[in-house]
Amino acid sequence: MVETSIEFSIAILCYRAEEEIVPFVENLHKIMSLFQFEWELILVANFWQGSIDRTPEICQQLAERLPNVRVLAEPKQGAMGWDMRRGLEACRGKYVGVIDGDGQFPVEAVFSCFAKIKSDNFDLVKTYRVERHDSSYRRLISTVYNWLFHRFFRGSARLRDVNSKPKIMTREAYKKMVLRSDDWFIDAELILNCINLNLRIYEIPVEFHSLGARKSFVRPGAVLEFLKHMIECRFHFDSSVVKRN
Ligand SMILES: Nc1nc2c(ncn2[C@@H]2O[C@H](COP(=O)(O)OP(=O)(O)OP(=O)(O)O)[C@@H](O)[C@H]2O)c(=O)[nH]1
Ligand SMILES: [Mg+2]
């Protein structure tokens with residue numbers, strides 16, 4: 001990648017958000033505009049071929065009217081993990097990050113996480129959800145998942161919420177990581193890389209908003225998917241990604 005003077009890039013996962021992405025991007029853009037250095041927003045608007053999804057065109061319109069905004073809009077070749085990897089690959093900053101675009105995480109958390117990583121020289125700063133306004137079904141899945149994760153992977157005990165975002169890291173830390181997941185396991189893979197590489201992580205509490213009108217995308221099958229990946233990683237792991245405890 002060509003050297004740039006961009007200090008901070010953050011990828012926003014916009015999957016199927018359509019119009020709902022507009023206020024989120026506008027609000028984050030306002031916050032980022034307070035920064036005195038170069039930054040960029042990467043809107044990840046990948047779409048399933050053949051589906052009716054206006055997200056790519058809505059994101060393009062945003063990029064035309066807001067400076068420092070770029071769009072990725074390719075046919076999807078994987079689920080959330082694939083989008084997140086594509087978004088992070090596109091980030092050119094010295095600090096790179098990712099956040100969901102569905103408005104559940106407050107845009108202000110990007111500012112807090114970035115301020116913390118800059119001031120205290122952490123390798124990765126993320127949030128953990130202290131107050132959750134999503135469904136009890138989603139809270140239960142998260143609680144069980146984090147409990148299992150701590151039991152499967154020693155070294156993860158001090159981390160409170162594997163899947164919470166934003167996740168902001170230094171480019172050096174990101175470059176050392178091996179990320180391959182195309183699905184929900186990407187957040188876990190990222191954290192396992194941090195543990196394996198002995199990176200310094202800091203977590204900031206955040207309030208997690210409700211989903212509004214849409215139903216959760218997380219199906220019961222996701223639980224089995226997580227379990228399968230955790231077992232693979234723990235017992236048949238690929239040594240380039242996760243060292244056995
Ligand atoms: N479900 C899903 N989300 C995707 C995909 N690709 C990217 N994403 C993004 O992943 C982010 C997180 O997905 P969410 O479904 O909101 O995950 P969550 O907040 O844990 O769960 P719910 O909000 O309850 O569905 C969203 O901002 C989506 O934009 C995909 O293929 N499927
Ligand atoms: Mg969500």
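Since the model is a prediction, treat every value here as computed from it, not as a measurement. All ligand and atom numbering here is 1-based and tracks the order in the structure.
- In this structure, D134 falls outside the shell of residues with a heavy atom less than 4.0 angstrom from ligand 1.
- You'll find the ring centres of F8 and Y95 outside the 6.0 Å limit.
- Side-chain atoms of M169 and D123, non-hydrogen and from C-beta on, never get closer than 4.5 Å to each other.
- When the heavy-atom distances from atom 20 (O) of ligand 1 to R139, R138, K165 are ranked, the shortest goes to R138.
- For ligand 1, the polar-atom distance check finds no N/O of G78 at less than 3.5 Å from any of the ligand's N/O atoms.
- Side chain of R171 to main chain of G93: a donor-acceptor pair is present (N/O by atom type, distance under 3.5 Å, no hydrogens or angles).
- Judged purely by atom type and a 3.5 angstrom limit, R151 uses its side chain to pair as donor or acceptor with the backbone of W147.
- Ring-centre distance between F35 and F114: below the 6.0 Å cut-off.
- The nearest protein atom to atom 22 (P) of ligand 1, hydrogens excluded, is given as S216 OG, 3.5 Å; this is a heavy-atom distance.
- What sits closest to atom 32 (N) of ligand 1 on the protein, heavy atoms only, is Y15 CE2, 3.3 Å.
- D183 and H229 form a side-chain donor-acceptor contact under 3.5 Å, judged by distance and modelled atom types alone.
- Distance alone, capped at 3.5 Å, places no donor-acceptor pair between the E189 side chain and the L179 backbone.
- Residue contacts with ligand 1 for A17 are absent, since no atom lies close enough (heavy atoms, distance under 4.0 Å).
- Atom 16 (O) of ligand 1 has D102 OD2, 2.6 Å as its closest protein atom, hydrogens excluded (heavy atom only).
- Both cation-pi conditions hold for K76 and Y15: the charged atom is under 6.0 angstrom from the six-membered ring centre and inside a 45 degree cone around its axis.
- Annotation: angle subtended at the Mg ion (ligand 2) by Q104 OE1 and D102 OD2 is 100°, to 10°.
- The nearest non-hydrogen atom to atom 23 (O) of ligand 1, considering only Q104, R132, H209, comes from Q104.
- For ligand 1, the polar-atom distance check against R129 finds no nitrogen or oxygen pair separated by under 3.5 Å.
- Ligand-side atoms of ligand 1 in range of G101: 27 (O), range being under 4.0 angstrom from any heavy atom.
- Cation-pi geometry between R129 and F208 is met: under 6.0 angstrom from the ring centre, within 45 degrees of the axis.
- In terms of polar-atom proximity, defined here as any N/O pair under 3.5 Å, W48 makes no such contact with ligand 1.
- Considering every non-hydrogen atom in both I42 and C91, the closest pair reads CG1-SG, 4.1 Å.
- For ligand 1 and D100, the ligand atoms under 4.0 Å from any heavy atom of the residue are 11 (C), 12 (C), 27 (O).
- Seen from the ring of F105, K165 does not count as a face-on cation partner, given the 6.0 Å and 45° thresholds.
- If you number the atoms of ligand 1 from 1 as listed, the ones under 4.0 Å from a heavy atom of L211 come out as 22 (P), 23 (O), 24 (O).
- Proximity of F24 to ligand 1, defined as any heavy-atom pair under 4.0 Å, is not found for any part of the residue.
- In the candidate list F208, Y137, W184, F217, W184 is nearest to atom 13 (O) of ligand 1, counting heavy atoms.
- Protein heavy atom nearest atom 10 (O) of ligand 1, with residue, atom name and distance: M80 CG, 3.1 Å.
- At a heavy-atom cutoff of 4.0 Å, ligand 1 is contacted by the side chain of K76 but not by its backbone.
- The only option from R92, K94, E38 that meets the side-chain hydrogen bond (donor to acceptor under 3.5 Å, both in side chains) definition with S5 turns out to be E38.
- Proximity to D83 (heavy-atom distance under 4.0 Å) selects the following atoms of ligand 1: 6 (N), 7 (C).
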